[in-house]
Amino acid sequence: MMISSIKPVSSSSLTAIAGVRRSIPAKLQFSPLPVTRNFQNPNLLPQKRLLSAQNLSNLSLAAAQRNDVFRVGAYEADRSRPIEIGIDAPDEQSGQKVKIGIYFATWWALNVVFNIYNKKVLNAFPYPWLTSTLSLACGSLMMLVSWVTRVADAPKTDLDFWKTLFPVAVAHTIGHVAATVSMSKVAVSFTHIIKSGEPAFSVLVSSLFLGETFPLPVYLSLLPIIGGCALAAVTELNFNMIGFMGAMISNLAFVFRNIFSKKGMKGKSVSGMNYYACLSMMSLLILTPFAIAVEGPQMWAAGWQNAVSQIGPNFVWWVVAQSVFYHLYNQVSYMSLDQISPLTFSVGNTMKRISVIVASIIIFQNPVKPVNALGAAIAILGTFIYSQAKQ
């Protein structure tokens, strides 16, 4: 009786099934299950055939409705798009390390050369105000020439930029002159040992004026900095109070320079090289009248003649060298800030002081007591610990 109710599968259904089968990706196709024939009970055979025909009809309808889904899935599976992961390739990482290494090596070398020539000039020509002014004037002239000749792109600035730069320039001018006064009175190594105590001033100023708080390791790192600087100062053979106070004032001024720079330059699209160029120009305008008032042209003329008579034409080369290398080392340091993190910069600055101290002791052959060297080592180690604790 059930055999008479079987309806043959239409050709349109078979065509739909074949189309669905072709639209399904090969990996998603399944071979049909074989129909088990029960020869002992032939009455079950028509029922199996009926179920198979109905299932095929339902499958053709469902597959036809989902035909677009299968095609999208197959299309996505066939596409070969690379997965973007935020990991640099080994070549890019090694290239970045080489670039940072070149920045540090250039920065340290230029700073060492500047300090050597600056000390030579100050030994023969003890006028730190004019020496500081010449350094800023040389850098300003170099950048103006590079902008006019299109060697470097001139920055796009406005009145607000110069307003925010003014307090930075004032602090930079004070710090620059104070450091030069210090090196005119004491050894280069002693000045840089005292200047390694700058993190202590940074924490003090940030806590008192900005209300900032720091984790306990930062405060603990100040102990070896302060202790090492004190030990080096007490045991310095050629201690001079003006030289010591000049280095301390320089620390305080540069801390305020960094604070003003961070607060005022947010959102300003000026590169590190051009930023320092603008800073040098404004500092030159601020410093020039004070240099004339403190020392004056008459003292400069007499001192210049005396230095040239003692040193010879090489003295002029020393003045040019210290002025050029002062601008170059500062320019490279500001350019490096565009490429490295502040933590890496701080570590590099610590290592820079070590290179300057060692080079100056070797070249000028300054007598150093073991306890004095120990104080310098403790202070520099404390500076390194501070940079690690503050990250």
Side-chain angles (χ1 to χ4, degrees), residues 108 111-129 131-132 135 174-205 220-255 294 307 318 322 325-326 329 346-387:
W108 298 342
N111 191 265
V112 169
V113 174
F114 158 72
N115 278 277
I116 291 172
Y117 280 109
N118 188 46
K119 184 60 178 176
K120 285 185 175 183
V121 170
L122 291 172
N123 286 339
F125 185 75
Y127 297 98
W129 288 79
T131 304
S132 303
S135 300
I174 296 173
H176 176 43
V177 173
T180 309
V181 170
S182 175
M183 282 190 282
S184 69
K185 299 296 182 180
V186 296
V188 175
S189 57
F190 180 72
T191 298
H192 280 273
I193 291 172
I194 301 304
K195 283 178 67 64
S196 65
E198 184 176 325
F201 287 88
S202 179
V203 173
L204 179 64
V205 172
L220 294 178
S221 68
L222 301 181
L223 297 178
I225 295 176
I226 298 173
C229 289
L231 182 61
V234 171
T235 58
E236 174 65 24
L237 294 175
N238 299 316
F239 180 83
N240 181 279
M241 181 57 69
I242 297 178
F244 174 75
M245 292 304 299
M248 297 288 282
I249 293 173
S250 177
N251 282 337
L252 186 62
F254 283 142
V255 166
V294 174
W318 291 356
Q322 73 92 24
F325 283 107
Y326 172 79
Y329 103 76
S346 179
V347 174
N349 195 41
T350 302
M351 301 304 294
K352 177 206 72 175
R353 297 205 185 282
I354 295 176
S355 62
V356 171
I357 291 172
V358 173
S360 64
I361 292 175
I362 294 174
I363 292 175
F364 295 107
Q365 297 181 351
N366 298 322
V368 179
K369 292 182 178 180
V371 66
N372 185 264
L374 177 62
I378 293 174
I380 293 173
L381 178 62
T383 304
F384 178 77
I385 296 173
Y386 167 84
S387 65

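Just so you know, residue 1 is the first one in the sequence shown, and it goes up from there. Only a predicted model underlies this, so the values are computations on that prediction, with no experimental measurement involved.
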- Item | Contact check, side chains of Lys185 and Met245, non-hydrogen atoms, under 4.5 Å | no
- Task: Look up atom CZ in Phe201 and atom CE in Met248, then write down how far apart they are to the nearest 0.5 Å.
- Result: 3.5 Å
- Would you tell me whether Ser182 and Thr191 have side-chain atoms, one donor and one acceptor, within less than 3.5 Å of each other? yes
- Query: Under a 4.5 Å cut-off applied to non-hydrogen side-chain atoms, are Ser202 and Tyr386 in contact?
  - Reply: yes
- Message: Within this structure, what is the CD1-CG distance for the pair Ile361 and Asn366, rounded to the nearest 0.5 Å?
- Response: 7.0 Å
- Message: Side chains of Ser250 and Lys195 only: does a donor on one sit below 3.5 Å from an acceptor on the other?
- Response: yes
- Message: Can you tell me how the ring of Tyr326 sits relative to the ring of Phe114, calling it parallel under 30°, perpendicular over 60° and tilted otherwise?
- Response: tilted
- Task: Compute the ring centroids of Phe254 and His176, then answer whether they are less than 6.0 Å apart.
- Result: no
- Task: Enter the distance from Ile357:CD1 to Ile362:CD1 here, rounded to the nearest 0.5 Å.
- Result: 12.0 Å
- Check: Thr131/Thr180 side-chain N/O donor and acceptor closer than 3.5 Å: no
- Approximate separation, where rounding is to 0.5 Å, of Ile226 CD1 and Leu231 CG: 13.5 Å
- Message: Is any side-chain heavy atom of Pro199 closer than 4.5 Å to one of Ile225?
- Response: yes
- Query: So do Phe244 and Ile194 actually touch side chain to side chain, heavy atoms under 4.5 Å?
  - Reply: yes
